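Here's the structure, in structure tokens; my notes come after.
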Amino acid sequence: MRILVTGATGFLGRALVEALLRAGHHVRALTRSKERAAKILPENSALEIVEADVTEPETLTGVAEGIDVIYHLAGMLGQHGADDELYWRLNCRGTKHMLEVASRVSGLKRFVHCGSAGVQGPIANQPADESRPYAPSNIYETTKTEAEKLALEAYQKQGIPVTVLRPEFVYGPGDTHVLGLFQAIAKGHFVIFGRGGSLL
């Protein structure tokens, strides 16, 4: 299949691109910097790097031409001190722009939207499933909630074949988001609050 991946140079995006290439797919990686992508992504004849920005719709013309599946992973994780507008631009409006791109793709088999389990906010009574109502508690969760609503609305009103994923705590090789936590543990500086019974 021919697959488009947004956020291809991010932690999840890189892992997905590598897995898709190993599975024999043609991958079109969307990136804001071809130069950076060339340093991060593997060299592969089935990899096509396209420079575009999901927050700037004028750069997205033709990016999904001939594509079977779109994985929309571009987004901004919670970062201390980041301007709220950045979350709205990337998480919400970026998703809107990619859904508009998807609506123009003839024969699109799937649009996979990478959401977040954070759309349900802090969960007091665990476990919780998809029927639990939205309850975002911060700007990251709020913008991911609104983005998910846009994706589901595109399915309901336009028939775009949308699948929403809600990853929770994702970590592994190449991750820098929780690197500080692992470095602290490696140095023996990890502190447990309470009796160690908190659930994540």
Side-chain angles (χ1 to χ4, degrees), residues 1-23 25-44 46-57 59-60 63-64 67 69-99 101-102 110-119 136 138-148 150-151 162-183 200:
M1 281 196 295
R2 296 177 63 84
I3 300 172
L4 173 68
V5 179
T6 73
T9 58
F11 170 54
L12 289 178
R14 281 181 298 181
L16 177 61
V17 167
E18 290 171 5
L20 292 171
L21 290 170
R22 282 194 303 271
H25 299 291
H26 176 94
V27 178
R28 186 174 297 164
L30 207 66
T31 177
R32 287 177 292 177
S33 169
K34 271 188 174 182
E35 187 178 311
R36 180 172 185 268
K39 292 176 183 175
I40 293 173
L41 299 175
E43 285 189 32
N44 190 305
L47 175 64
E48 176 187 359
I49 299 174
V50 174
E51 196 167 273
D53 187 334
V54 298
T55 68
E56 298 176 10
T59 70
L60 299 173
V63 295
I67 290 295
V69 176
I70 297 173
Y71 282 91
H72 177 48
L73 275 60
M76 181 174 168
L77 277 172
Q79 294 180 17
H80 180 70
D83 187 343
D84 287 4
E85 174 59 18
L86 293 175
Y87 291 99
W88 286 108
R89 276 184 61 213
L90 192 51
N91 292 347
C92 200
R93 291 196 291 276
T95 298
K96 178 179 181 287
H97 298 153
M98 285 309 301
L99 288 164
V101 166
R110 184 68 44 198
F111 181 98
V112 181
H113 170 70
C114 185
S116 169
V119 301
N138 56 49
I139 187 64
Y140 167 73
E141 293 172 357
T142 298
T143 54
K144 291 302 278 186
T145 297
E146 293 308 310
E148 180 175 309
L150 287 172
V162 169
T163 295
V164 173
L165 303 178
R166 291 180 179 174
E168 187 29 271
F169 190 77
V170 183
Y171 62 94
D175 173 34
T176 58
H177 189 66
V178 291
L179 181 59
L181 170 65
F182 293 118
Q183 288 172 331
L200 179 64

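Small disclaimer: the values here were computed from a predicted structure and weren't measured. Numbering of residues begins at 1 and proceeds along the displayed sequence.
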Exercise. Does the side chain of His26 pick up a donor-acceptor pair with the side chain of Glu48 at under 3.5 Å?
Worked result: yes
Problem set entry | Residue pair Val69, Leu4: steps toward the side chain to side chain contact (heavy atoms under 4.5 Å, CB included) verdict | CA-CA 6 Å; Val69 176; Leu4 173 68; over 6 Å; no
For this session: Answer yes or no: is there a side-chain heavy-atom contact under 4.5 Å between Cys114 and Pro167?
Result: yes
For this session: Kindly say whether the aromatic ring centers of Tyr71 and Phe111 come within a distance under 6.0 Å.
Result: no
Exercise. Which atom pair, heavy atoms only, marks the closest approach of Val162 to Arg110?
Worked result: O-NH1, 3.6 Å
Problem set entry | Flag for Thr95-His72: side-chain donor and acceptor within less than 3.5 Å | yes
Problem set entry | Considering all heavy atoms, the nearest Glu168-Ala117 contact | OE2-CB, 3.3 Å
For this session: Heavy atoms only: give me the nearest Ile49-Lys34 pair and the separation to one decimal.
Result: O-CE, 3.2 Å
Exercise. Val170 and Phe11: side chain to side chain contact (heavy atoms under 4.5 Å, CB included), yes or no, with the steps?
Worked result: CA-CA 9 Å; Val170 183; Phe11 170 54; 3.8 Å; yes
For this session: Measure the CD-SG distance between Glu85 and Cys92 for me, rounded to the nearest 0.5 Å.
Result: 10.5 Å
For this session: For atom CZ of Arg32, decide whether the heavy atoms of other residues, nucleotides or ligands shown that lie under 6.0 angstrom number more than 12.
Result: no
Exercise. Between Val27 and Leu21, which heavy-atom pair has the shortest distance, and what is it?
Worked result: CG2-CD2, 3.8 Å
Exercise. CG of Leu90 to OG1 of Thr6: how many Å apart, nearest 0.5 Å?
Worked result: 8.5 Å
Exercise. Hey, does Val119 have a side-chain heavy atom less than 4.5 Å from the side chain of Arg166?
Worked result: yes
Exercise. If you count the non-hydrogen atoms of other residues, nucleotides and ligands that lie under 6.0 Å from CZ in Arg89, is the total more than 12?
Worked result: no
For this session: Can you establish whether the number of heavy atoms outside Tyr171 located under 6.0 Å from its atom OH is more than 12?
Result: no
Exercise. When you check the side-chain N and O atoms of Arg36 and Thr9, is any donor under 3.5 Å from an acceptor?
Worked result: yes
Problem set entry | Spatial distance of atom CG (Leu165) from atom OG (Ser116) [nearest 0.5 Å] | 11.5 Å
For this session: Indicate the atoms forming the closest heavy-atom contact of Val17 with Ala8, along with that distance.
Result: CG2-CB, 4.0 Å
Exercise. Hey, what do you get for OG1 (Thr59) to CG (Asp53), rounding to the nearest 0.5 Å?
Worked result: 5.5 Å
Exercise. So do the side chains of Thr31 and Val50 get within less than 4.5 Å of each other, counting heavy atoms only?
Worked result: no
Exercise. What distance do Glu35 atom CD and Glu51 atom CD have between them, rounded to the nearest 0.5 Å?
Worked result: 9.5 Å
For this session: Write down the atom of Leu30, the atom of Ala52, and the distance for their closest heavy-atom approach.
Result: CD1-CB, 3.6 Å
Exercise. What distance separates Asp83 CG from Trp88 CH2, expressed to the nearest 0.5 Å?
Worked result: 12.5 Å
